[in-house]
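Before any comments, here is the structure.
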Amino acid sequence: TALAPREGRHIQHGPPVPIPLDVASRHGSGSPSGDFSLVTDKFGAFLGGSLTDGLFSGSINTLPGGDYHVFARYAGDAMFEPSESRSIRVNVSPEPSRISVVPWQINLFGFPSIVDSPVPYGQPVGVQVDLAGASGVGSPGGSIVIRVDGVKNLGPYPLNAAGNAFVWLDHLDMKGLLPGAHKFVVTYSGDGSFEAITAPAANITIQKDHVIEIFVGTLQGNPDPDSP
């Protein structure tokens with residue numbers, strides 16, 4: 001059998017890309033059936049499918065970003081032996097990224113809530129960072145850095161498998177996040193499939209602790225009845 005995907009072109013991560021495959025007998029007649037996979041020289045196998053009358057004419061949108069080679073591997077069936085196609089070079093550029101940064105706190109009742117007003121000094125506070133591609137396909141990898149008040153960088157902090165990260169901000173130093181208005185600017189480094197991006201500043205205001213005044217009154221009279 002012979003298996004040959006058509007030569008690829010420069011594409012962007014996310015949008016569907018046609019992948020027409022054709023498996024045919026080198027000698028004789030008949031149409032191969034069974035399964036195939038696409039294999040890269042960088043990322044291994046990433047797509048499986050089945051042939052219909054020796055053909056596959058679908059599209060895929062999961063090609064990883066980068067410059068690499070891809071070949072098709074046919075598993076064979078009862079009549080036709082397994083085979084591999086020649087490799088083709090593909091260049092997949094990263095797609096635009098989208099970023100969301102939301103400040104959260106643990107409120108006075110011990111429950112998490114979105115920060116929408118000044119936070120008392122010493123109360124736990126952090127930011128939830130969510131990354132995604134414009135196409136909605138796949139999850140960004142890599143890391144984020146947080147710029148605090150334009151003078152200090154925190155991180156890098158790695159993203160999880162879903163493209164998210166949560167960073168506590170109330171332990172910046174021994175004194176914590178001091179009272180006043182603070183700006184936190186999150187920058188995503190990007191990876192092979194998703195572009196770098198910087199979010200608008202997230203604003204958090206820390207208010208001073210309430211002062212608790214304790215008054216001790218002067219004892220009037222003689223508290224000991226046995227005293228003269």
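Atom-to-atom distance recorded for L178:CG and D170:CG is 12.0 Å, nearest 0.5 angstrom. Rounded to the nearest 0.5 Å, atoms CD1 (I197) and CG (L131) are 7.5 Å apart. For the atom pair OG of S143 and OH of Y157, the computed distance is 11.0 Å after rounding to the nearest 0.5 Å. Atom CD of residue Q105 and atom OG of residue S117 lie 6.0 Å apart, to the nearest 0.5 angstrom. Note that CZ of R98 and CZ of F194 are 11.5 Å apart. Values are rounded to the nearest 0.5 Å. Atom CG of N91 is separated from atom CD1 of I11 by 8.5 Å, given to the nearest 0.5 angstrom.
E95 and Q12 form no side-chain donor-acceptor contact under 3.5 Å, judged by distance and modelled atom types alone.
D41 places a side-chain N or O within donor-acceptor distance of the main-chain N or O of H69, the cut-off being under 3.5 Å. Checking side-chain atoms of S85 against main-chain N and O of A72 turns up a donor-acceptor pair under 3.5 Å.
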Subject >> Derivation of the side chain to side chain contact (heavy atoms under 4.5 Å, CB included) call for R89 and D67 >> reply: CA-CA 7 Å; R89 181 180 178 183; D67 191 345; 2.5 Å; yes

**OP:** Apply the test side chain to side chain contact (heavy atoms under 4.5 Å, CB included) to residues V145 and L154: give CA-CA distance (whole Å), side-chain angles for both, the deciding distance (0.1 Å), then the verdict.
**Re:** CA-CA 6 Å; V145 171; L154 303 179; over 6 Å; no

Original post:
Between K208 and Y121, does a side chain to side chain contact (heavy atoms under 4.5 Å, CB included) hold up when you go through it step by step?
Top reply: CA-CA 6 Å; K208 294 181 179 180; Y121 174 70; 5.9 Å; no

Original post:
Could you go step by step and tell me if L38 and F71 meet the side chain to side chain contact (heavy atoms under 4.5 Å, CB included) rule?
Top reply: CA-CA 6 Å; L38 295 181; F71 66 91; over 6 Å; no

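Summarising the local packing, CZ of R147 is surrounded by more than 12 heavy atoms from other residues, nucleotides or ligands at distances under 6.0 Å.
Taking all atoms of both residues into account, the shortest heavy-atom contact from S139 to G163 is CB-N, 4.2 Å. When all heavy atoms of Y74 and P32 are compared, the closest pair comes out as OH-CB, 3.5 Å. Across all non-hydrogen atoms, the minimal contact from P140 to G133 is CG-N, 4.4 Å. Closest heavy-atom contact between D35 and S50: OD1-OG, 2.7 Å.
Two residues are said to be in side-chain contact when any heavy atoms from C-beta on lie closer than 4.5 Å; V70 and V39 fail this criterion. For the pair V167 and I146, the minimum side-chain heavy-atom distance is below 4.5 Å. Counting heavy atoms from C-beta outward, Q123 and L108 have side chains that approach closer than 4.5 Å. Here the side chains of L21 and V23 are not in contact, with every heavy-atom distance at 4.5 Å or above. Between R73 and F36, the closest side-chain pair of non-hydrogen atoms is not below 4.5 Å. Using a 4.5 Å heavy-atom cutoff, the side chains of V129 and N164 are not in contact. S33 is not listed as a side-chain neighbour of L51, based on a closest heavy-atom distance of 4.5 Å or more. V17 places none of its side-chain heavy atoms less than 4.5 Å from the side chain of N61.
The cluster map of Ile, Leu, Val, Met, Phe, Trp and Tyr, joined by side-chain heavy atoms under 4.5 Å apart, puts V148 and L169 in the same cluster. Side-chain heavy atoms closer than 4.5 Å link hydrophobic residues (I, L, V, M, F, W, Y) into clusters, and following such links, even through other members, never connects V137 to V90. By the criterion of side-chain heavy atoms lying less than 4.5 angstrom apart, applied directly or through intervening Ile, Leu, Val, Met, Phe, Trp or Tyr residues, V101 is grouped together with V115 in one hydrophobic cluster.
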Could you pull out all donor-acceptor pairs under 3.5 Å where a side-chain atom in residues 53-60 meets a protein atom, sequence neighbours excluded?
none

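Counting only residues at least two apart or in different chains, side chain to side chain donor-acceptor pair (under 3.5 Å) contacts with residues 179-197 comprise D149-H182, K183-N203, T187-T198.
Taking Ile, Leu, Val, Met, Phe, Trp and Tyr as hydrophobic and joining them when side-chain heavy atoms fall under 4.5 Å apart, one finds I106 in a cluster with V102, W104, I114, F166, W168.
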